[in-house]
Every structure is written in structure tokens, then in C-alpha cells.
Amino acid sequence: QVQLVESGGGLVQAGGSLRLSCAASGRTLSSYVMGWFRQAPGKEREFVSAIRWSGGRTYYADSVKGRFTISRDKAKVYLQMNSLKPEDTAVYYCAARPYLYSTIHSEYDYWGQGTQVTVSS
């Protein structure tokens with residue numbers, strides 16, 4: 001079992017920055033892919049970014065590439081969000097799955113509770 005807890009969301013003006021954290025505990029994550037997804041009201045949950053726990057290979061959705069950076073340390077995954085836009089407003093979720101990289105939310109096994117990010121104009 002893997003437990004995930006997100007933090008760091010909040011209110012920010014367009015052009016500003018936020019840093020989200022995902023605290024992970026439980027099973028070893030050495031063979032896992034860690035992902036960030038987001039969901040706005042009335043919209044599908046969409047892939048944002050992912051990182052392999054071992055090796056650190058990263059992946060980004062085109063909509064955030066160049067603005068967001070995913071990283072990790074011993075027990076947390078981070079999403080540094082710069083140059084935020086109103087369309088980035090959503091609940092952001094941390095997720096985990098073993099072995100294989102995926103952009104499909106239903107293929108992830110573990111999820112955090114979500115943290116709200118609101119970007120004002």
C-alpha cells in the first residue's frame with residue numbers, strides 16, 4: 001500500500017508561482033512512476049507530469065512544458081509551477097503506479113486527496 005498526501009495549493013495571480021508537494025509513504029517506490037494530474041470543474045482529469053522514482057526520467061504535458069518542473073527527494077515529489085495561467089486552475093492530484101509510465105489516470109493505483117490551485121487574472 002502507498003499513501004500520498006498533497007500540499008502547497010492556494011490562490012495566486014496570473015504569472016505567479018506555486019510549489020506543490022506530495023508526501024509518499026508505505027511501500028518502497030523504487031519501481032514506481034509518480035504522476036501529477038489535475039481536474040477542473042466539469043472537465044476530465046488530465047495528465048500534467050510524471051517522474052520515475054529510480055533514474056528520475058521526467059514527462060510533461062504540452063500545456064505545462066517549460067513552465068512546470070517535477071522533481072523528488074527521499075520521500076516527496078514536487079511540482080514547481082511557474083508562469084501560472086488562469087487555465088491552470090484545478091484540483092491537483094498526486095498519483096502512483098508500478099513500473100510503467102502512463103498519462104491515463106485510470107491506470108494509476110494510488111491517489112492523494114487533492115489540493116486546490118486557483119489562478120486569478
So, taking the atom named [atom1] in [X] and the one named [atom2] in [Y], what distance separates them when rounded to the nearest 0.5 Å?
| X | Y | atom1 | atom2 | result |
| --- | --- | --- | --- | --- |
| L11 | T89 | CG | OG1 | 9.0 Å |
| T58 | K65 | OG1 | NZ | 9.5 Å |
| S71 | K76 | OG | NZ | 11.5 Å |
| R72 | C22 | CZ | SG | 13.0 Å |

- Carboxylate-amine/guanidinium contact D88 K85, below 4.0 Å: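 No.
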
Side chains of [X] and [Y]: does their closest heavy-atom pair fall under 4.5 Å?
| X | Y | value |
| --- | --- | --- |
| V12 | T118 | no |
| V77 | W36 | yes |
| R27 | P98 | no |
| Y93 | R45 | yes |
| V2 | L4 | yes |
| Q1 | Q3 | yes |

- Item | Verdict with supporting geometry, S63 and R38, side chain to side chain contact (heavy atoms under 4.5 Å, CB included) | CA-CA 12 Å; S63 59; R38 66 187 183 187; 3.6 Å; yes

Which atom names give the shortest non-hydrogen contact between [X] and [Y], and what distance separates them?
| X | Y | value |
| --- | --- | --- |
| T115 | G9 | OG1-N, 3.2 Å |
| A24 | L29 | CB-CD1, 3.5 Å |
| A14 | P86 | CB-CD, 4.1 Å |

[X] and [Y]: side-chain donor and acceptor closer than 3.5 Å?
| X | Y | answer |
| --- | --- | --- |
| R57 | Y101 | no |
| Q13 | S120 | no |
| Q80 | T69 | no |

Could you tell me whether the side chain of [X] and the main chain of [Y] form a donor-acceptor pair under 3.5 Å?
| X | Y | result |
| --- | --- | --- |
| E6 | Q113 | yes |
| S54 | S30 | yes |
| Y60 | I70 | yes |

With a 4.5 Å cut-off on side-chain heavy-atom distances among I, L, V, M, F, W and Y, is there a chain of contacts connecting [X] to [Y]?
| X | Y | result |
| --- | --- | --- |
| V64 | L18 | yes |
| V48 | W111 | no |
| L20 | V33 | no |
| L79 | V119 | yes |

- Item | Full working for ring pair (Phe, Tyr, Trp, His ring centres under 6.0 Å) between F47 and F37 | CA-CA 5 Å; F47 172 78; F37 290 78; 5.7 Å; yes

- NZ or CZ of R19 within 45° of Y78 ring axis and under 6.0 Å: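 Flagged: R19 positioned over aromatic ring of Y78.
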
- Over-ring placement of R97 relative to Y110, 6.0 Å and 45° cut-offs: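 Checked: cation-pi criterion not met.
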
- Message: Check the orientation of F68 and Y92. Use parallel for under 30°, tilted for 30 to 60°, and perpendicular for over 60°.
- Response: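 Because their plane-to-plane angle lies in the 30° to 60° range, the rings of F68 and Y92 count as tilted.
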
- Could you walk me through whether M34 and W53 pass the side chain to side chain contact (heavy atoms under 4.5 Å, CB included) test, one step at a time? CA-CA 7 Å; M34 309 295 297; W53 194 264; 3.8 Å; yes

- Answer yes or no: are there more than 12 heavy-atom neighbours, outside E87 itself, under 6.0 Å from its atom CD?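 Yes - once you tally the heavy atoms of other residues, nucleotides and ligands closer than 6.0 Å, there are more than 12.
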
- Stepwise side chain to side chain contact (heavy atoms under 4.5 Å, CB included) check, S102 with Y108: CA-CA 8 Å; S102 177; Y108 283 73; 4.0 Å; yes

